[in-house]
Amino acid sequence: MSGRRTIATMSKALTRKKYGRYEIESELGRGGMATVYLAHDPRFGRKVALKVMSHALRDDPTFRGRFEREARIIATLEHPAIVPVYDYGESDGQPFLVMRYMPGGTLADRIIARPFSLEAAVPIIQRLAGALDHAHQQGVIHRDLKPGNILFDQYNNAFLTDFGIVKLAHGGTVSLTGSGVIGTPAYMSPEQIHGEKSLDGRSDIYTLGIILFEMLTGRKPYRAETPIKQMMAHVLTPTPSIRALKPDLPEAFEPVMQRVLAKERDERFATAAELTEAISQTLYGLALPSLQEEPTPARAQPPIEPEETPTVALATPPVVAEPEPNPNAGKNAKVVGQKRPFRWYYWLFLGVLFVAAVAVGANFLNQPDPTPTAQRIELVLPTQIVVETAVANLPTAPFNTTATSPPTPTAQPTPTQTVALVAPVVSTFGQSVSGTPLEVVRLGSGPQTLVFIGGLHAGFAPGSVELANQVVAHYTENLANIPPEITLLIIPNANPDSPRAPGQLAGRLNANGVDLNRNWDCRWLANPPWGSEEAVEGLGGSAPFSEPEVRSLSNFIVAQESTAVIFWQARSVEGLVSPGECVEGNSVSQPLADIYGGAAGYRIGDFEELVNTQVFGDATNWLDSQGIPAISVLVTDYTATDFAENLAAIEAVMAFYANEEVGQ
């Protein structure tokens, strides 16, 4: 929707703070080692990304050395697909790194929004492959490639970033990580997990293969419950078949993926360019690749993501004896860098398509679009914890329904059309303060995306979590009831850290003691009132969107281009549906409230007017200000679900937006 802003541009607390000459505008992201800000460089009049080392780590020689080394390495690795460094300095003893600002978000954002086609993924992989080969030729191994470390600029070009834990393949530099295993479990190569010191570029190439697998399927190839199990899956679990998950890929693509993900590095491609050359060979006969994937609305993202699985350093596991790698592997391999094979085939194919379109005529243009692909997203963090059994045991096989075509004039049997229904997919879109994954269940695959959120105050209103899981279970068994124009995204528990305390303030708080429905950027206060108390210290957080749950949730809603958002909360003895409204008299949420409340039989009204109290930092109010219809649904008691009433309302909302999609 037009007029939406990224979360980054809304933080006000950091305005006018400076590091050197750089003026902080907002916080972009925060990790264990550093915080990244959007800053203004007054000397050149441009926006920059300012990476500031954590105050707690600035006196630690290991982490300070890693931070300084990142600056030096990026400065020497001049390549069109590596985020450039503009400056490095210190402010009050705190190191900072100034880099080019990337407003196009991360690859992780785009994978969450939808998987890539092979034709769209290849140009991105080609560009990254050139950057990796360049780094490897300089003796630099990245060791922490992941979608969150791949950024996009305003022109939709991909860039590598976050060289904080690189390893030098040769030379006398001492490793800053000692004998430990370091990296992100979902993307580590088997030799990284073994703790081998003689890493080479083939470790990064393996990880590039993991990223490609995830781009194409929407899920990581190895899934596990803990980081240790996640790492051991890379070592012990057979490489999965990508065509089993995405059967529309060319047959020749399967051996390419099996080779790049080989457990033994001698069996992999020697260079990233060899990988892209092999991938390009499989494109013959496919549609002309789009050299730039259409950008997905997403927040401008720094090299640090709270939503991404954090990089971990673990003690080295026992190393299994393996043959020594061939030191000459890849030395004579031909590097093709940015080569784009078969370009003339693309132009030829485009010409053939044009001629065919003219020959078929105007009727061809009226044919319906093909059924969208069944897969969409499945990003499961290695520490994933499923809240309810109903979510954990979702079926993975496709559901089918048969629709009878209109009778024909002849006595021939009536043809049938089989429509594949998208199986439910459980995904992770962020983490709580304590590291608990925040999960979403996707049902349906239509263009109108409806988001339902339970557990924003999970301990205060545990019935909202139960209601969300009941809805998931219902539509898992009744997928055919979801109109083809609709996608349901159901978040069972948006605040998993809150203690169970029905109706009590403690049940509303996350692990930082913040009410997640007082942390949004609409009339935000750090110490808002609650109940009879005029001000509760810290209830609103340190700044708008200061809490990782709120940042993850708001970014996710915006990235999905959500059609409407419904929060299940408590309580109102006769049920209440309250529309969001940040600016008085300027609400886009009232029609949604009318539809939902009318179908549920709940009262419809503005909660603030009914209780004669202004609400500060409310989620629905902020979403409404962004042009996204949003409502709070207060069920009749803290532990109640009112399932039948809410199911009727969900059906009514789906019908409304499905009809809107088809123009009725």
For this session: Using the ring of F152 (Phe, Tyr or Trp, six-membered ring only), decide whether R110 places NZ or CZ under 6.0 Å from its centre and within 45 degrees of its axis.
Result: yes
Problem set entry | Lys NZ or Arg CZ of R508 over F460 ring: under 6.0 Å, within 45° | yes
Can you tell if the side chain of [X] reaches within under 4.5 Å of the side chain of [Y], non-hydrogen atoms only?
X	Y	result
M654	I482	yes
W568	V471	yes
Y596	I566	yes
Y475	L647	yes
Q626	I557	no
L438	P496	yes
L118	L216	yes
L553	F429	yes

Nearest 0.5 Å, please: how far is [atom2] in [Y] from [atom1] in [X]?
X	Y	atom1	atom2	value
S554	E549	OG	CD	11.0 Å
L107	M215	CG	CE	5.0 Å
R518	L509	CZ	CG	11.0 Å
H474	L443	NE2	CG	10.5 Å
L450	S562	CG	OG	8.5 Å
L592	F656	CG	CZ	8.5 Å

For this session: Please determine which of P579, S589, P629 meets the side chain to side chain contact (heavy atoms under 4.5 Å, CB included) test together with D624.
Result: S589
Can you tell me if [X] uses its side chain to pair, donor with acceptor, with the backbone of [Y] under 3.5 Å?
X	Y	result
S464	G455	yes
D109	G105	no
T436	Q431	no
R442	G444	yes
T563	Q448	no

I'd like to know if the side chain of [X] pairs up with that of [Y] as donor and acceptor (distance under 3.5 Å, no hydrogens or angles considered).
X	Y	answer
N512	E547	yes
N510	S432	no
T641	Q470	yes
Y602	D642	yes
T639	D637	no

Determine the minimum heavy-atom distance between [X] and [Y], stating which atoms define it.
X	Y	result
A458	N493	CB-OD1, 3.2 Å
S625	C582	CB-CB, 3.7 Å
A649	A600	CB-CB, 3.9 Å
N519	A543	ND2-O, 2.9 Å
A619	N517	N-OD1, 2.9 Å
Q614	E608	CA-OE1, 3.3 Å

Exercise. Parallel, tilted or perpendicular: which describes the rings of W622 and W520, with under 30° parallel and over 60° perpendicular?
Worked result: tilted
For this session: Let me see the working for I453 and I491 under side-chain contact (heavy atoms from CB on, under 4.5 Å), right down to the final yes or no.
Result: CA-CA 5 Å; I453 301 166; I491 298 170; 4.0 Å; yes
For this session: Could you check T449 against Q560 for side-chain hydrogen bond (donor to acceptor under 3.5 Å, both in side chains), going step by step and ending with a plain yes or no?
Result: CA-CA 7 Å; T449 300; Q560 296 301 314; 5.4 Å; no
Exercise. Checking side-chain contact (heavy atoms from CB on, under 4.5 Å) for the pair V441/V425: CA distance, chi angles, key distance, verdict?
Worked result: CA-CA 6 Å; V441 183; V425 176; over 6 Å; no
For this session: Might you work through the side-chain contact (heavy atoms from CB on, under 4.5 Å) test for T428 and V440, ending with a clear yes or no?
Result: CA-CA 6 Å; T428 301; V440 58; over 6 Å; no
Exercise. Are E214 and K146 within salt-bridge range, i.e. N to O under 4.0 Å?
Worked result: no
For this session: Could you go through the side-chain contact (heavy atoms from CB on, under 4.5 Å) check for L28 and L38 one step at a time?
Result: CA-CA 6 Å; L28 293 175; L38 175 63; 3.9 Å; yes
For this session: Would you check if the distance from the ring center of F616 to the ring center of W524 is below 6.0 Å?
Result: no
For this session: Could you tell me whether R603 atom CZ has more than 12 heavy atoms of other residues or ligands within 6.0 Å of it?
Result: no
For this session: Flag yes if more than 12 heavy atoms outside F607 fall under 6.0 Å of its CZ atom; otherwise flag no.
Result: no
